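I have placed the structure first, in the form of structure tokens, so that the comments after it can refer back to it.
Given the structure is predicted, the values throughout are model-derived calculations rather than measurements.
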Amino acid sequence: MEFRCVESVLKIVFRAYSRLISRFPVPLILLFTLLSIGLGFGIYFMNFESNTEELFSPINSRAKTDRVTVNELFPVDDRNTLPNRLIYFSHRRISVIVTCKDGGNILRKEYVQALLDVDESIRSAFIYSAQNATYFDHTMVCIQWKSQCFPNPVILYYNSDGLENNDTSVAPVPYPDLTLPDGSVANIEPYFGEVQVQNGEIISASAFSMNYFLQDSPAFANALSKEWETYVMGVIADLDSDSIIDVYGFHSESLDESQRDLALSAIVYVVASFGILVTFAIVSCIMIRDYRQSKPWLGVMGVISATLALVSAVGLLCYCGVPFNQVIISMPFIILGIGLDDMFIMISAWRLTNPSQSVKKRMATTYEEAAVSITITSLTDILAFCIGSISPIPAIQIFCLYTGVAVFFAYVYQITYFGAWMVLFGHMEAYNCSGTTCVPLQRIQPMKGPAFVVKHTPPPPTLESAGTSRSSNGSNTTDSKDNVNNSNNIKTKNLRERNHAVMVFFRDYYSQLFSNKFCLCGIMVLYIFYITIAAFFCSRITLGLQKANIAKEGTMTHDYLTLFAEYFAETGPSVSIIITEPYPYWNSSNQEVLETMVAGIHDNGNLKPRDYTDFWLDDYKNYLMNMNGTTEMPQEDFVSTLRDIFLKIPHYEKYTLDINFDGNEITSSRFLLVTSNITSTMDDERTMLSVRRFVDEYSEIIGVPIIAYSTQYVFVEQYVVIIPTTIQTLSIAVTCMLVVSVVMMPKIAVGILVTISVASILVGVIGYMTLWQVSLESVSMFNLVLCIGFSVDFSAHVAYAFVMSEGAKLNATEKLSRALYLLGYPILQSGWSTIIGIFLLFFSASYIFRTFAKIMTLVMALGMLHGLVFLPAAMTTFAKIFQVPKCQKRGSEKANQGSGTLEVDNSAFSVD
């Protein structure tokens with residue numbers, strides 16, 4: 001079954017289009033150059049988005065919706081709050097981790113004194129704000145509780161008498177609870193990393209954490225807090241390198257600043273890769289044996305064409321106000337790769353044309369041969385990125401939008417701007433000028449003959465054909481045949497001299513391997529091995545983007561986040577369980593239901609035991625039992641005692657942050673859980689889903705909405721959506737690839753093979769990227785989306801050239817020979833140019849860029865493997881399996897012999 005209509009229409013359109021380009025090459029070059037410059041001015045209006053939360057957390061996630069509810073019910077007053085009641089992860093703060101330079105125990109007295117000095121240096125910082133014309137210190141910008149900055153209990157303990165009154169070389173600290181001088185009790189587990197406990201005291205720890213929470217509202221306080229953050233981070237960076245401790249600082253905008261630093265650092269790689277690709281394009285377009293057809297400058301024009309498309313796309317979207325981010329920095333490598341791929345195919349198609357023809361006719365033949373194939377792959381690339389733009393993660397959405405528009409511009413510039421340059425260089429070739437120096441060469445006799453000669457293997461001689469053959473008039477035709485053979489040999493010899501050696505290798509040698517059944521069996525074994533390994537590692541893929549991987553390696557931000565994940569995962573952030581509507585807390589049976597719910601939630605292995613839960617109802621019930629001997633009271637008495645007596649006791653004042661009243665009714669309340677043992681993103685996801693599942697169940701039981709919220713949940717949401725989103729996106733994309741391939745390819749069977757090839761490459765990329773220690777997260781997901789577009793390129797080009805090989809009497813091997821002759825070398829050029837272009841990214845200090853380089857290398861390598869090995873083997877094998885014998889009548893010149901010939905029609909994979 002065939003779809004020849006679309007392909008035929010495209011050929012007619014491109015043939016007419018080539019005439020336009022051949023007639024007006026210079027105006028088109030000037031027009032598209034000016035267009036690119038005009039659109040490029042849009043870069044001036046670029047809005048760089050560096051907000052990590054906005055980029056890497058899902059849009060309209062449940063966590064963001066819950067955060068709005070929590071903020072409405074329990075708005076944060078920075079002058080009267082506690083750190084574990086904060087709502088936003090990006091709340092103004094400075095966090096510090098201190099370790100020993102020798103990697104030893106931080107509780108040695110000299111090391112404790114060193115960290116106390118660091119704390120003193122930070123808290124005593126006195127700054128002048130020129131913007132606000134005022135001096136201020138930490139006490140003016142810290143979040144407060146009872147009109148005081150929230151203290152670090154360990155620092156407070158050591159500063160009181162814990163260090164001076166200890167005569168040993170180590171200064172132990174009571175663990176896990178520490179009684180402070182004012183009689184309050186604080187849990188100090190979150191402050192130490194990798195501890196050793198003996199007799200209720202910490203005797204050894206590898207790291208110590210200090211946090212300084214700052215006000216971020218109102219605007220005046222936020223401005224001062226920002227200046228204090230900047231100043232203190234400078235103080236930390238300038239600490240004496242000869243100190244016995246290492247200090248790592250992190251503030252509320254550290255991740256955002258890291259995004260901007262990465263974007264700037266990537267410019268060096270883009271410029272260097274541009275130079276490498278230009279060099280590669282020049283070298284690969286040189287033909288040493290034929291200076292007239294050597295076109296190194298046309299290779300440069302191909303790179304410039306892709307660059308102009310890139311500038312146009314970025315400028316247009318910046319004009320439209322689409323934000324830019326550091327993830328998009330990888331886009332130039334993609335567009336340059338696509339542009340070079342199309343360029344190499346068009347140059348290869350030009351080389352197959354008859355040099356004795358006019359430039360107009362050669363361009364028409366080139367566009368017929370290459371432009372349709374380029375259209376198919378460009379359409380699938382654009383479609384892949386359009387599908388990726390529906391992702392719920394903004395970084396992927398923006399990346400796919402920029403890249404999709406850039407691919408469109410790359411296609412337009414390829415068939416216009418680059419095509420116009422082909423016309424000019426074609427005229428140079430027609431006037432016998434050197435393609436390198438543009439200087440006329442000595443006039444030579446133009447070569448004639450077909451651009452491609454298929455070497456048919458003659459059938460074995462029969463009785464009728466043995467001996468001398470005669471023409472119908474009885475004359476001897478042996479001399480005539482010899483002359484024709486000699487002429488063909490001369491043409492073939494001249495053709496070999498004119499064509500690129502690698503193209504000849506693919507045509508005359510490499511393609512013949514696929515006619516050998518032993519080679520086909522070997523390729524089958526190789527594919528089984530390939531797909532088995534890929535499927536095995538697909539089942540072992542890891543999930544989630546670690547925050548440290550967002551930051552630039554070697555920076556203090558990256559070091560801090562790495563140490564935090566290593567030492568302070570034992571005690572994670574608090575989780576607020578909010579009962580959002582009125583509930584009869586005064587009823588003992590309802591109290592038991594809540595107790596059952598709290599106890600059930602703590603069955604989760606990643607939560608601290610029940611004793612760590614900060615629930616006002618626990619302490620209030622104990623108070624009522626001590627005062628009244630019962631916890632059940634009339635509503636009015638229960639609420640009035642709670643509000644007017646219990647919450648005014650200093651030890652219980654903190655619960656005023658957790659209860660909302662409306663007269664004699666508790667309109668909403670919350671309690672806090674403490675997470676622990678969160679050592680991986682899987683733990684984060686599992687804990688969040690488990691807690692949510694439990695509160696959703698109890699929401700139905702008690703008939704009141706309950707939500708679970710943590711500052712980390714906004715990030716954890718990406719782990720939940722990443723697998724279903726990836727599967728959905730890839731499935732839709734592959735389905736669309738199937739539709740495009742079937743409609744655009746003249747043969748349905750080959751279109752299906754191309755789609756299977758795309759799916760096979762995707763499985764391989766996912767499996768081998770896991771083997772290469774790349775996790776599935778938002779960064780690798782957008783790389784998989786672009787993998788869809790790239791993986792179809794090589795296979796579609798080869799398949800299209802295979803089915804469009806002219807001549808019904810060409811068998812499958814000969815059709816493949818022509819397809820590889822046309823595309824084998826361009827595929828190698830495109831694949832290796834992309835790999836070489838991104839090679840420098842392997843040395844980048846960014847996990848994001850290295851991940852991009854790894855996945856792109858896999859895509860190119862597996863794309864070449866499928867396009868040049870697996871797909872040709874599959875098409876050749878299926879063509880032979882589905883051969884259909886049919887009887888055809890001989891011509892009238894043989895009719896009187898009364899004989900018939902049985903021929904083979906492999907129309908499932910060829911064009912009649």
Does the side chain of [Y] come within less than 4.5 Å of [X]'s, by heavy atoms?
{"X": "Y157", "Y": "I188", "answer": "no"}
{"X": "F694", "Y": "D603", "answer": "no"}
{"X": "Y713", "Y": "D66", "answer": "no"}
{"X": "F568", "Y": "I97", "answer": "yes"}
{"X": "F671", "Y": "T613", "answer": "yes"}
{"X": "I578", "Y": "F74", "answer": "yes"}
{"X": "E253", "Y": "K226", "answer": "yes"}
{"X": "Y583", "Y": "V593", "answer": "yes"}

[X] side chain to [Y] backbone, donor-acceptor under 3.5 Å:
{"X": "T596", "Y": "E592", "result": "yes"}
{"X": "K146", "Y": "P650", "result": "yes"}
{"X": "Q397", "Y": "S391", "result": "yes"}
{"X": "N664", "Y": "Q635", "result": "no"}
{"X": "Q591", "Y": "T631", "result": "yes"}
{"X": "N80", "Y": "W145", "result": "no"}
{"X": "N84", "Y": "S574", "result": "no"}
{"X": "N71", "Y": "R67", "result": "no"}
{"X": "R92", "Y": "I143", "result": "no"}
{"X": "S254", "Y": "H251", "result": "yes"}

| task | Using the side chain to side chain contact (heavy atoms under 4.5 Å, CB included) rule, take H602 and V598 through it: C-alpha gap first, then chi angles, then the decisive distance, then the call. | result | CA-CA 7 Å; H602 281 86; V598 176; 3.7 Å; yes
- Message: Please determine whether side chain to side chain donor-acceptor pair (under 3.5 Å) holds for the pair S589 and N587, giving the CA-CA distance in whole Å, both sets of side-chain angles, and the decisive distance to 0.1 Å.
- Response: CA-CA 6 Å; S589 60; N587 186 285; 2.2 Å; yes
With Y248 as partner, the option from V96, V98, T99 fulfilling side-chain contact (heavy atoms from CB on, under 4.5 Å) is T99
Is atom [atom1] of [X] surrounded by more than 12 heavy atoms (other residues, nucleotides or ligands) closer than 6.0 Å?
{"X": "N199", "atom1": "CG", "answer": "no"}
{"X": "N626", "atom1": "CG", "answer": "yes"}
{"X": "E632", "atom1": "CD", "answer": "yes"}

How far apart are the closest heavy atoms of [X] and [Y], and which atoms are they?
{"X": "C142", "Y": "Q144", "result": "O-CG, 3.5 Å"}
{"X": "T675", "Y": "V575", "result": "CG2-CG2, 3.6 Å"}
{"X": "S258", "Y": "A551", "result": "OG-CA, 2.9 Å"}
{"X": "I203", "Y": "L107", "result": "C-CD1, 3.9 Å"}
{"X": "C538", "Y": "I766", "result": "SG-CG2, 3.7 Å"}
{"X": "I659", "Y": "I666", "result": "CG2-CG2, 3.7 Å"}

Taking the basic N atoms (NZ, or NE/NH1/NH2) and the acidic carboxylate oxygens, is any pair closer than 4.0 Å for [X] and [Y]?
{"X": "R692", "Y": "D696", "answer": "no"}
{"X": "R610", "Y": "D618", "answer": "yes"}
{"X": "K64", "Y": "E717", "answer": "no"}
{"X": "E229", "Y": "R93", "answer": "no"}

Return yes if a side-chain donor-acceptor contact under 3.5 Å exists between [X] and [Y], otherwise no.
{"X": "E53", "Y": "Y88", "value": "no"}
{"X": "N660", "Y": "T667", "value": "no"}
{"X": "Y655", "Y": "D619", "value": "yes"}
{"X": "S669", "Y": "Y585", "value": "yes"}
{"X": "D137", "Y": "T139", "value": "yes"}

Residues pairing under salt bridge (Lys or Arg N to Asp or Glu O under 4.0 Å) where one sits in residues 81-91, two or more places apart or in two chains, turn out to be R85-D614, R85-D658
Report task. Could you walk me through whether R670 and Y709 pass side chain to side chain contact (heavy atoms under 4.5 Å, CB included), step by step? Result -> CA-CA 10 Å; R670 66 180 172 185; Y709 174 76; over 6 Å; no
Query - side chain to side chain contact (heavy atoms under 4.5 Å, CB included) between I94 and W228, worked out - result: CA-CA 9 Å; I94 285 183; W228 196 83; 3.9 Å; yes
task: Test side chain to side chain contact (heavy atoms under 4.5 Å, CB included) on Y623 and I645 and set out the steps.
output: CA-CA 10 Å; Y623 173 81; I645 302 176; 3.1 Å; yes
Check your understanding: Is the distance between the ring centroids of F638 and Y620 less than 6.0 Å?
Key -> yes
Indicate the ring-plane relationship of Y212 and H138, choosing parallel, tilted or perpendicular according to the 30° and 60° boundaries.
-> perpendicular
